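This is a predicted model, so every value here is computed, not measured.
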Amino acid sequence: MGLAGIGALAAAGVGALGLVSSFDAVSAAAASWGFSAPWMLPVGIDVAIPVFTVANLLLIRMDMALAWVRFVPWVLTLITCGLNIAAGHSLSAQVAHGTMPLLWVVFSEIGAHVYAVRIGAVTGRRMEKIRFSRWLLAFPSTFALWRRMTLWEVTSYSEALAREKERQLARADLRERYGRKWRRSTPRRERVLLRMGDLAPATEQETPAQPPAETPPAPSVDARPRPRRRTPAKAKAQRTFEELLTEARTVTREWTEAELTADRLRTTLHVSQANARTLRDTLKSERADGSPLHSVDDAEGEESEVEAA
């Protein structure tokens with residue numbers, strides 16, 4: 001149970017004591033006035049006070065507030081206090097009888113105020129109060145601020161202060177633009193907006209046009225021509241096996257039998273492993289048969305010499 005719950009229980013207890021203490025005095029007054037059931041008068045008055053307080057809060061919550069409903073609990077409080085005071089025979093007795101029922105009304109008003117503040121905070125209809133120090137230090141301007149808050153339903157005090165600052169700045173701009181007789185020279189629309197506390201759009205000084213931003217100079221282009229990209233050399237035409245064999249005969253003319261291997265042929269002629277093996281086997285078979293290992297060009301040269309002879 002929080003602080004609010006403890007306060008509510010304490011208020012209910014004090015209120016009940018006030019109701020019980022005033023019950024006998026009001027019942028006696030009702031009996032002298034000819035009531036057939038005298039107990040109904042104190043119960044009806046004391047219970048009607050919180051009932052009308054709750055009704056007032058309900059109307060505020062539903063945005064259907066009635067100004068006169070708030071005064072009903074106050075009138076009933078004055079009635080019950082008057083009846084209790086009349087029951088006392090001395091001044092101290094009258095004060096005691098009038099104080100006890102007043103406690104019930106005080107706690108009812110406190111609860112109504114707390115709930116009304118919460119409702120106003122939720123609905124945005126509660127108007128914040130201006131600090132007492134501002135009233136004391138600057139009464140005329142504070143009264144003008146409170147008047148504008150009330151007239152134009154500005155419920156937030158901070159928002160009202162922000163509007164007041166804007167209004168003062170707009171007033172200074174008009175004074176600077178039109179001189180000492182700015183009230184006569186200012187257009188009527190701007191004066192009305194200034195009086196309402198809104199910053200008129202026309203009062204804002206025209207902002208000078210900003211000069212165009214200087215574009216940075218373009219980076220100097222090097223006059224030297226860019227180096228041309230090297231185009232990849234065209235792939236060599238694929239050699240036939242006869243060409244490979246002729247080249248292999250020329251290369252391996254002075255190779256020994258041990259040096260004639262497939263790996264060396266592949267590295268020297270830049271051929272695949274399969275072609276290197278085939279060339280190795282062919283060259284070895286030619287050497288085994290005793291056929292001369294000469295190139296095709298040498299053979300063609302010898303034929304030409306024979307023809308010339």
Side-chain angles (χ1 to χ4, degrees), residues 2-8 10-11 49-50 52-75 77 102-178 180 182-207:
L3 183 61
I6 296 175
I49 293 173
F52 277 97
T53 302
V54 173
N56 182 37
L57 295 177
L58 182 60
L59 291 175
I60 294 174
R61 184 68 178 86
M62 298 174 63
D63 200 9
M64 300 169 58
L66 293 175
W68 60 268
V69 177
R70 181 176 179 81
F71 297 101
V72 174
W74 296 0
V75 174
T77 301
L102 191 62
L103 296 176
W104 173 265
V105 179
V106 169
F107 281 110
S108 298
E109 285 296 318
I110 292 175
H113 174 72
V114 172
Y115 191 65
V117 169
R118 289 185 174 272
I119 291 175
V122 173
T123 59
R125 296 180 60 87
R126 177 178 175 268
M127 183 173 296
E128 298 180 359
K129 295 182 179 180
I130 302 176
R131 293 183 179 181
F132 178 75
S133 57
R134 182 180 174 87
W135 285 99
L136 186 63
L137 297 174
F139 180 79
S141 60
T142 305
F143 177 77
L145 178 64
W146 170 81
R147 182 175 179 272
R148 278 188 291 272
M149 289 178 63
T150 306
L151 290 177
W152 310 116
E153 292 293 335
V154 181
T155 58
S156 175
Y157 176 59
S158 59
E159 181 182 353
L161 287 179
R163 287 193 179 188
E164 181 65 18
K165 293 178 182 179
E166 293 178 357
R167 195 182 72 87
Q168 294 295 336
L169 291 175
R171 185 175 179 178
D173 292 340
L174 292 176
R175 177 96 180 242
E176 184 177 358
R177 184 184 304 176
Y178 298 106
R180 298 181 61 183
W182 63 273
R183 294 181 183 274
R184 297 181 180 179
S185 304
T186 304
R188 184 180 298 274
R189 179 179 177 83
E190 294 185 11
R191 282 185 293 171
V192 172
L193 289 174
L194 184 65
R195 187 178 304 173
M196 293 171 57
D198 293 333
L199 184 62
T203 59
E204 298 180 358
Q205 294 183 355
E206 297 179 358
T207 56

Closest approach of Asn56 to Leu66 (non-hydrogen atoms, all atoms of both residues): OD1-O, 4.2 Å
Minimal non-hydrogen separation, Pro73 against Thr77, with atom names: O-OG1, 2.7 Å
Min side-chain heavy-atom separation Leu161-Leu145 under 4.5 Å: yes
NZ/NE/NH1/NH2 to OD/OE distance under 4.0 Å, Glu164 and Arg167: yes
With sequence neighbours excluded, residues passing side-chain contact (heavy atoms from CB on, under 4.5 Å) with Trp74: Arg70, Phe71, Glu109
is_close_aromatic(Trp135, Phe132), centroid dist under 6.0 Å: no
Over all atoms of both residues, closest heavy-atom pair of Val154 and Arg148: CG2-O, 4.4 Å
CH2/Trp182: more than 12 non-hydrogen atoms of other groups inside 6.0 Å: yes
Given Leu136, Leu137, Ile130, the one that forms side-chain contact (heavy atoms from CB on, under 4.5 Å) with Thr142: Ile130
Sequence-distant partners of Glu128, salt bridge (Lys or Arg N to Asp or Glu O under 4.0 Å), two or more places apart: none
CA sep, side-chain torsions, deciding dist, call: Val72, Trp68, side chain to side chain contact (heavy atoms under 4.5 Å, CB included): CA-CA 7 Å; Val72 174; Trp68 60 268; 4.0 Å; yes
Separation of Asp173 CG from Arg175 CZ (nearest 0.5 Å): 12.5 Å
